[in-house]
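One structure is given below, encoded as structure tokens.
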Amino acid sequence: MYAAVRLPMEGVFSSDAAALAVGVLLVSGLEKAGAEVFLKWPNDIIQISTGTGIRSSEKIGGILLEERNGTLLAGIGINVASAPEASRLRESHAVPAGTLRFPPLHPLQTPSDKSLGQVFTLWALLVEHIFFCYKQKISSAGTASDNEDWWFDMASARLAFRQEPVRLVDAQSAEGEEIPHLVDGLLEGINRDGALCLITNQGRKIFIGGSLVPMRGAGTKR
């Protein structure tokens, strides 16, 4: 499923935390639809499976933001019926691709045949949720700047790999300091600027860019 929504360039949607804000709206919408998903910093949606005692993570969606004519255009992709093969993923991909899973017997869960109608049903649910949250959580007065931190607790609660060992590839420091290509640490969380907070051997570090890789990834025991 490839689609997009337009949001006003106000409040968090005009900040560096825009991807996380849009991401948590999408994640909470998928939760409401019945799927258990998590937000992988800064703009990926993943599902985590613990079947047969093996913990594995799969990317089932992502977000790409673009400013256009004074509005934020949020492009959203979700693997509903299929996922890219491993050979089509970039070499540095953090987790393998997978398809969105719902609980057994869920109305949107048909493993053998996910019809076009189901895709439209899911998208309608997500759009309804996103704009409901915009009206109810973001601003009852009609401007996102009235409540700029609405997204922070939601994103923190749904952040994948929190308090787990991770590796940041091509890390970009928020302080502008020179840092190694690879940074290992414990994922503490995020801050209100949308940056990633890691506890490293050199102390607490803040990063504004990089590719996050779980150290307890697919094929590892819990």
Side-chain angles (χ1 to χ4, degrees), residues 1-3 17-65 74-86 88-103 106 108-109 111 114 119 122-123 125-126 129-130 151 153-171 184-190 194-198 207 209-222:
M1 178 172 70
Y2 297 98
L20 285 173
V22 175
V24 80
L25 288 176
L26 182 60
V27 165
S28 59
L30 288 168
E31 287 177 351
K32 187 174 182 181
E36 185 178 12
V37 292
F38 297 89
L39 181 60
K40 176 179 169 291
W41 183 88
N43 59 351
D44 287 341
I45 310 300
I46 69 168
Q47 282 192 308
I48 298 174
S49 172
T50 55
T52 67
I54 302 295
R55 188 174 191 270
S56 62
S57 306
E58 292 180 329
K59 177 181 174 179
I60 57 91
I63 300 157
L64 184 63
L65 303 183
I76 295 168
I78 301 176
N79 301 332
V80 178
S82 64
E85 297 178 0
R88 295 179 58 193
L89 302 178
R90 68 181 190 275
E91 277 189 32
S92 60
H93 67 274
V95 295
T99 55
L100 180 63
R101 300 184 306 276
F102 289 94
H106 188 278
L108 292 174
Q109 172 71 357
K114 290 185 174 155
V119 174
L122 178 60
W123 180 242
L125 289 173
L126 293 176
H129 176 78
I130 288 171
W151 63 275
D153 289 339
M154 293 174 66
S156 296
R158 295 165 174 83
L159 191 65
F161 315 123
R162 192 173 184 182
Q163 299 302 318
E164 295 183 17
V166 297
R167 171 168 290 168
L168 197 60
V169 182
D170 295 328
D184 293 347
L186 190 73
L187 200 163
E188 181 187 56
I190 53 175
L196 187 72
C197 307
L198 296 185
F207 300 94
S211 179
L212 186 66
V213 182
M215 300 299 284
R216 295 174 184 163
T220 61
K221 296 287 185 180
R222 295 193 68 177

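Counting from 1, the numbers follow the sequence of the chain as shown.
- Atom CG of residue Leu125 and atom NZ of residue Lys32 lie 8.5 Å apart, to the nearest 0.5 angstrom.
- To the nearest 0.5 Å, the span separating CD1 on Ile76 from CG on Leu65 amounts to 9.0 Å.
- Counting all heavy atoms, side chain and backbone alike, Leu25 lies closest to His129 at O-CD2, 3.4 Å.
- Looking only at side-chain heavy atoms (C-beta outward), Ile48 and Phe38 come within less than 4.5 Å of each other.
- Atom CE of Met154 is separated from atom CG of Leu39 by 10.5 Å, given to the nearest 0.5 angstrom.
- The shortest non-hydrogen separation linking Ser57 to Ile46 is CB-CD1, 4.4 Å.
- Considering only heavy atoms from C-beta on, Ile78 comes within 4.5 Å of Leu126 through its side chain.
- Panel note: side chain Gln47, backbone Leu100; no donor-acceptor pair is recorded below 3.5 Å.
- Annotation: side chain of Val95 is in contact with side chain of Pro214 (closest heavy-atom distance under 4.5 Å).
- Closest approach of Thr99 to Ala83, counting heavy atoms only: CG2-N, 3.8 Å.
- The pair Arg158-Glu31 meets the salt-bridge criterion, with a side-chain N (NZ, NE, NH1 or NH2) lying under 4.0 Å from an Asp/Glu carboxylate O.
- Considering all non-hydrogen atoms of both residues, Ala195 and Trp41 come closest at C-NE1, 4.0 Å.
- Distance alone, capped at 3.5 Å, places no donor-acceptor pair between the Arg167 side chain and the Met215 backbone.
- The CD1 atom of Ile45 lies 11.5 Å from the CG atom of Asn79; values are rounded to the nearest 0.5 Å.
- Glu58 has a carboxylate O that lies under 4.0 Å from a charged side-chain N of Arg101, or vice versa, which qualifies the two as a salt bridge.
- With contacts defined as side-chain heavy-atom distances shorter than 4.5 Å, the pair Val166/Val213 does not qualify.
- Scanning all heavy atoms of the two residues, the minimum distance from Ser156 to Ile190 falls at OG-CG1, 3.9 Å.
- Ala33 and Leu122 make their closest contact through CB-CD1, 4.1 Å (heavy atoms, listed as atom of the first residue, atom of the second, distance).
- Here the side chains of Leu159 and Leu187 are in contact, with some heavy-atom distance below 4.5 Å.
- With rounding to the nearest 0.5 angstrom, the CG atom of Leu186 is 13.0 Å from the CZ atom of Phe161.
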